[in-house]
Structures are given as structure tokens and as C-alpha cells.
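See structure below.
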Amino acid sequence: MSVESEQRPTKPGDAAPVWLHRARWVWIAAVLVGFIRSFVQLADREALVTQLREEAPELRQDQVDAAASSGILFAVLLSALSLMVYLLLSRRMLEGRNWARIVLTAFGGFNAFSTAVTLLTVITVDRAVLVELTGIEVPTSNLVFSAVVMVLQVVAIAFMFHPGSNRYFREVRRRAR
């Protein structure tokens, strides 16, 4: 057995620097915090039914109940799909796939930007004015969860572009040639 073959990782991602492993766990944490936010919002079925009643008063009770149940199921499935996508992308990132790092950066960057704009808007504009203009009341808990997810995503992006991570991606690209 040659020295070169002994130095190869036994499975993809083993050779990835600690910064990328940390980034992966931070991405997973961000998705899980988002999932918890959805669960907290969906746990209040009464509020969902009230909102459906306000938006569509012509619906019968059985239709409102079905719509609420469908909405909850859809949100849970969407959260699970989101987790699977982030798991796949973060695994590819650990394998040295730069495209996965770019996609994660785009997802996280867009979310961080839109969350920052939302937070700045809520901070600078009176909430009553926002509700009047948009017709949407943003609960404080939603803002807190969004801020936590934003911070986690920014941290994950920083880990992915740490100098050690950048060296790893360059090395993987060099070995592939």
C-alpha cells in the first residue's frame, strides 16, 4: 500500500477542514430554527382558522378546517424538503464542490439581506403603519426567529469562506484536473 493511498480520506468529506464541518452544522441549525418557527406558528390552529375566516368568510367550517389542515401539512412537508436540500448541499460542500458553496451562499445571502431589510423596516416604521400599509402583522416571535436564522446563516457563510476552507476548495479543484 503506497503512502499516497493511505493519506486519502476513507469517505468523501473526511478531509474537509473543521471550518466546513462547522458550517454544515450551522446550516442545519439554521434550518432547524426555521422549522421550529414554523411549528410555533402552526401550533396555533385557532389563529389559522381565524385568519382563514377573515380572508374567505364564504367558506363553510369543514372547508376552513380542511384548508387549515392542508396548510399545516404543506408547511411541514416544505420544512422537511428544505432540510433535505440543505443536507444535500452541505454534504456536497464537504466533498469540495464549489457550486454547492455558491448555492448555499446565494440562499443564505438572500435570506440574510431580506431579513435585515425586514428588521430595519420594522424598527424604523411604526408597527401600526406597517399593518395599515401591508395588511400583515408580523409577530415579534417571527422577527426573533428570523434574526436568529439570519445570524446563523451569516456565520455559516463566514465559515465556508474561511482561509482554510478556501485552501480546501482550491486543493480539490487542483486534484480534479
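Owing to the predicted nature of the structure, the values given are computational and were not obtained by experimental measurement.
Inspection of the Arg127 and Thr140 side chains reveals an N or O donor paired with an N or O acceptor under 3.5 Å. Using modelled atom types, one finds a donor on one side chain and an acceptor on the other under 3.5 Å when comparing Arg101 with Asn166.
Considering Leu83, Val85, Leu89 as possible partners of Leu87, the one that fulfils the side chain to side chain contact (heavy atoms under 4.5 Å, CB included) test is Leu83.
A donor-acceptor pair under 3.5 Å links the side-chain atoms of Gln63 to the main chain of Arg60, judged by distance alone. Thr121 contributes a side-chain N or O that, together with a main-chain N or O of Val117, makes up a donor-acceptor pair within less than 3.5 Å.
Arg24 forms no cation-pi arrangement with Trp27, by the criterion of a distance under 6.0 Å to the ring centre and an angle within 45° of the ring axis.
Using a 4.0 Å cut-off between charged side-chain N and carboxylate O, Arg175 and Glu171 make a salt bridge.
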TODO: Kindly determine whether Val149 and Thr115 satisfy side-chain contact (heavy atoms from CB on, under 4.5 Å), including the steps that lead there.
DONE: CA-CA 9 Å; Val149 170; Thr115 299; over 6 Å; no
Open item on the list: side-chain contact (heavy atoms from CB on, under 4.5 Å), that's the test. Do Gln61 and Arg53 meet it? Break it down for me.
Closed with: CA-CA 9 Å; Gln61 186 61 42; Arg53 280 264 169 241; 2.9 Å; yes
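By the rule that hydrophobic residues join a cluster once side-chain heavy atoms approach within less than 4.5 Å of another member, Tyr86 and Leu77 end up as members of separate clusters. Each of Trp25 and Val151 belongs to its own hydrophobic cluster when Ile, Leu, Val, Met, Phe, Trp and Tyr are linked at side-chain heavy-atom distances under 4.5 angstrom.
Separation of atoms CZ (Arg92) and CG (Leu104) is listed at 12.0 Å; rounding is to 0.5 Å.
The side-chain heavy atoms of Ser69 and Arg45, taken from C-beta on, include a pair separated by under 4.5 Å.
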